[in-house]
Novice: 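Right, I'll just put the structure down here and ask away after.
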Amino acid sequence: MTRRTLNRTALALLLSTAIPAAAIADDGDQKLAIGMSTTFTTLDPHEASSAPNNAASRHIFDSLINRGGAAENQPQLATEWKVLDPTHWQFTLREGVKFHDGTAFDAEDVIASLLRARDLPSQSFASYTRNITNVTAPDPFTVVVETSVPDPMILNSLSRIRIISADHAKDGVAEFDDGSAAVGTGPFKFVSYAPGDRLVVERNDDYFAGAADWSDVTLRMIPDDGARLAALLSGDLDLIETLPAEGMERVESSKDYKAIWGQSTRLVFLGMDVSKDQSPFVKAKDGSELDKNPLKDERVRRAMLMAMNRPAIVDRVMQKNGTVADQYVAEGYFGHSDDVKRVDYDPEGAKALLAEAGYPDGFKLTLHGPAGRYVKDSEVLQAIGQMLARIGIDASVEVMPWSMYSDAYSEGQFSVFFASWGVNTGEVSNPAIATVATRNDEKGTGRYNGGGINDTEIDALLDQATSTLEEAEREPLLKQVSDLTFNKLWILPLHYENVVLGARAGIDYTPRGDKYTLAYDVKNAAK
């Protein structure tokens, strides 16, 4: 055991017997309780990449690069960086930073973290680590990241990887979830974690970027819209995600509460099994097996999208908490293509396409999705099922908790599945690599390609785009990726989510494009 490990172990034992933070809080105004609309599944920051997990881990851990609310790169544990050559980036580390257990941060922790995120069996961060071949340290506060190809997205990728203590690099999910390995450099320190219920943290008064406004923070997981709203109005919560529309008038008409609005870059879509010859949840109308998988036919996929009245879904089901989408990114973002053809609502045209594809009487399928993960996800799925029925596709809906659903859809267990990707890079390569590139664990592509898409033209364009540093050369390649993905309808685009939070009057917060709710950025207006 190293001296460093001994010191950390001793301090951890001391902290385990300390008085809980809540019992010694200076005053009630320093406590903050946030109602999260979705459930995070682990505090291991490298095990499972999802927006809820990544947002939760950000309270305890930092990254080399901080991704700002408008997707800008900011210094964090790295103070500056430069390109040494097309495949080597050098990062200067921040000196004087301490982990929560009092030990010093240095290059050893960066190396351990980046390689752990790259090499964990879950491969959940493969889309970010896939090009990293080596990480070295010329000195304790300089790190060189070597990539297999020129990687124009390396800064964004490194912003996603949390830096843990090297002493805990071999620990697993259990050690992070019980707090023994949840030792970061971030703005808050671990106090307790009850999976599926809440995370409690206390302020890191020595945080290098300045102490947060709140001495104690509780992140409560409350997927049910009504329960979350009731907890805000009863005073149990100070801020809630995804303010339900049915509570909007009450919140906005009260002097004690307010709604906070913002625009996200999260695309919600339907993924489909386009790889299997017989898909497990697609059957003939009588329940028998079909000779072939209809989802492999572009005409069927197009008919399904034509059957969906997406403006009505956004307006009525989501109660205006979204914007109809046709591709990964909206106009003005890097890789948006004007050549993607918009698919309008046309149920009669959809019926004709189904007949042309050999399904004049339709077929039956099951739509799978999560409950409480996305805005009105269950309700949106039910509406889609009803719309598909009008063109002859008998669609049943099955929803399940996010913790059960997330791995199943990404592993390709469903025929048609409700999915989403927060396009936090503001460009096309990141979502495309994860959701439509052919799954290749060695290359780190297609980790969330649950439909088994295998389009060699898309793969070749992404390989070229992600090794091209010049933006003027890269953007046309990404526009072609958008064209192929959405003109072939490998996935069916539904909408971009809006950001609407509810808060008590004394809270100030600027919503982020990635929809993360970070307690460090929540301000106490009364101070």
Side-chain angles (χ1 to χ4, degrees), residues 37-38 50-52 54-55 67-72 156 225 241-245 248 259-271 305 308-345 369-370 372-381 383-384 387 402 409 417-436 448 478-479 481-483 485-487 489-501 510-517:
S37 62
T38 53
S50 69
N54 298 339
R67 198 70 170 170
E72 72 277 20
N156 170 74
D225 284 351
E241 296 181 328
T242 316
L243 175 64
M248 187 70 65
I260 301 173
W261 292 83
Q263 177 68 53
S264 87
T265 55
R266 176 167 294 280
L267 172 72
V268 176
F269 61 90
L270 282 185
L305 189 57
M308 300 177 204
N309 189 341
R310 292 178 292 162
I313 288 173
V314 166
D315 187 58
R316 300 171 199 166
V317 180
M318 297 180 67
Q319 298 170 300
K320 304 185 187 304
N321 199 356
T323 304
V324 173
D326 296 297
Q327 53 186 297
Y328 282 123
V329 294
E331 186 175 359
Y333 284 87
F334 199 81
H336 172 92
S337 174
D338 292 335
D339 293 328
V340 170
K341 300 176 180 64
R342 180 162 193 154
V343 178
D344 292 321
Y345 175 56
R373 170 65 181 91
Y374 308 116
V375 176
K376 298 289 184 182
D377 43 20
S378 299
E379 294 89 340
V380 170
L381 271 178
I384 290 172
M387 292 172 181
W402 174 250
Y409 100 78
F417 53 90
F418 199 72
S420 174
W421 194 265
V423 190
N424 305 328
T425 60
E427 54 80 58
V428 164
S429 69
N430 169 254
I433 287 169
T435 62
V436 296
Y448 296 93
L478 296 181
K479 287 183 176 181
V481 170
S482 295
D483 293 342
T485 299
F486 295 99
N487 285 334
L489 294 175
W490 287 126
I491 61 177
L492 305 185
L494 299 177
H495 52 263
Y496 307 114
E497 290 186 347
N498 292 339
V499 188
V500 187
L501 303 100
T510 301
R512 297 169 55 94
D514 55 19
K515 299 192 72 175
Y516 291 7
T517 304

Novice: For Thr323 and Val314, run side chain to side chain contact (heavy atoms under 4.5 Å, CB included): C-alpha distance rounded to whole Å, both residues' side-chain angles, the deciding distance at 0.1 Å, then the answer.
Specialist: CA-CA 7 Å; Thr323 304; Val314 166; 5.9 Å; no
Novice: State, to 0.1 Å, how close Ala55 and Tyr516 come at their nearest heavy-atom pair, and which atoms those are.
Specialist: CB-CG, 3.8 Å
Novice: Do Leu492 and Phe269 make a side-chain contact, defined as non-hydrogen atoms from C-beta onward lying under 4.5 Å apart?
Specialist: no
Novice: Let me see the working for Trp402 and Tyr374 under side chain to side chain contact (heavy atoms under 4.5 Å, CB included), right down to the final yes or no.
Specialist: CA-CA 10 Å; Trp402 174 250; Tyr374 308 116; 3.6 Å; yes
Novice: Please find the pair of heavy atoms, one from His336 and one from Gln327, that lie closest to each other, and give the distance.
Specialist: CE1-NE2, 3.0 Å
Novice: Can you name the ring-ring contact (aromatic ring centres under 6.0 Å, His included) partners of Tyr496, sequence neighbours left out?
Specialist: none
Novice: Val317 and Ala383: which non-hydrogen atoms are nearest, and at how many Å?
Specialist: CG2-CB, 4.0 Å
Novice: To the nearest 0.5 Å, what is the distance between NZ on Lys376 and NE2 on His495?
Specialist: 12.0 Å
Novice: The criterion is side chain to side chain contact (heavy atoms under 4.5 Å, CB included); which residues satisfy it with Ser37, sequence neighbours excluded?
Specialist: Arg228, Glu241, Thr242
Novice: Asn498: what forms a side-chain hydrogen bond (donor to acceptor under 3.5 Å, both in side chains) with it, not counting sequence neighbours?
Specialist: Gln263
Novice: Check for a donor-acceptor pair, side chain of Ser420 on one end and backbone N or O of Leu267 on the other, with a separation under 3.5 Å.
Specialist: yes
Novice: What distance separates Arg266 CZ from Asp514 CG, expressed to the nearest 0.5 Å?
Specialist: 8.5 Å
Novice: Could you tell me the separation between the CG atom of Leu305 and the CG atom of Leu270, rounded to the nearest 0.5 Å?
Specialist: 8.5 Å
Novice: Of all residues at least two apart in sequence or in a different chain, which pass the side chain to side chain contact (heavy atoms under 4.5 Å, CB included) check with Ser378?
Specialist: Ala371, Val399
Novice: Applying side-chain hydrogen bond (donor to acceptor under 3.5 Å, both in side chains), can you list everything that pairs with Thr435, at least two apart in sequence or on another chain?
Specialist: Tyr328
Novice: Who pairs with Asn309 by side chain to side chain contact (heavy atoms under 4.5 Å, CB included), at least two apart in sequence or on another chain?
Specialist: Pro311, Ala312, Tyr345, Met387
Novice: With sequence neighbours excluded, tell me which residues meet salt bridge (charged side-chain N to carboxylate O under 4.0 Å, His left out) with Lys320.
Specialist: Asp315
Novice: Testing the basics here: between Ser482 and Ser337, what is the closest heavy-atom pair and its distance to 0.1 Å?
Specialist: CB-CB, 4.1 Å
Novice: Can you list the residues that meet the salt bridge (charged side-chain N to carboxylate O under 4.0 Å, His left out) rule with Glu497, with sequence neighbours excluded?
Specialist: Lys515
Novice: Going from CD on Glu379 to CD1 on Ile384, what distance comes out if it is rounded to the nearest 0.5 angstrom?
Specialist: 12.0 Å
Novice: State whether the side chain of Arg310 and the backbone N or O of Ala325 hold a donor-acceptor pair below 3.5 Å, judged by distance alone.
Specialist: yes
Novice: Between side-chain atoms of residues 425-434 and protein atoms elsewhere (two or more places apart, or another chain), which donor-acceptor pairs fall under 3.5 Å?
Specialist:
from   : atom 1 : to     : atom 2 : distance (Å)
Thr425 : OG1    : Glu427 : N      : 3.3
Thr425 : OG1    : Glu427 : O      : 3.2
Thr425 : OG1    : Glu427 : OE2    : 2.7
Glu427 : OE1    : Ser429 : N      : 3.0
Glu427 : OE1    : Ser429 : OG     : 2.6
Glu427 : OE2    : Ser429 : OG     : 3.1
Glu427 : OE2    : Asn430 : N      : 3.2
Asn430 : OD1    : Trp421 : NE1    : 2.8

Novice: First locate atom CD1 of Ile491, then atom OG1 of Thr485, and finally report the distance between them rounded to the nearest 0.5 Å.
Specialist: 6.5 Å
Novice: Under the salt bridge (charged side-chain N to carboxylate O under 4.0 Å, His left out) test, which residues partner Asp483, sequence neighbours left out?
Specialist: none
Novice: Which residues pass the side chain to side chain contact (heavy atoms under 4.5 Å, CB included) test with Tyr333, sequence neighbours left out?
Specialist: Thr265, Val329, Ala330
Novice: Is there a side chain to side chain contact (heavy atoms under 4.5 Å, CB included) between Asp326 and Phe486 once you walk through the steps?
Specialist: CA-CA 7 Å; Asp326 296 297; Phe486 295 99; over 6 Å; no
Novice: Determine whether Met248 and Leu243 make a side-chain contact, defined as any pair of heavy atoms from C-beta on separated by less than 4.5 Å.
Specialist: yes
Novice: Can you list the steps and then say if Phe418 with Val380 is a side chain to side chain contact (heavy atoms under 4.5 Å, CB included)?
Specialist: CA-CA 9 Å; Phe418 199 72; Val380 170; 3.8 Å; yes
Novice: I need the minimum non-hydrogen distance between Arg373 and Pro52, along with the two atoms involved.
Specialist: NH2-CD, 3.2 Å
Novice: Among residues at least two apart in sequence or on other chains, which ones pass salt bridge (charged side-chain N to carboxylate O under 4.0 Å, His left out) with Arg67?
Specialist: none
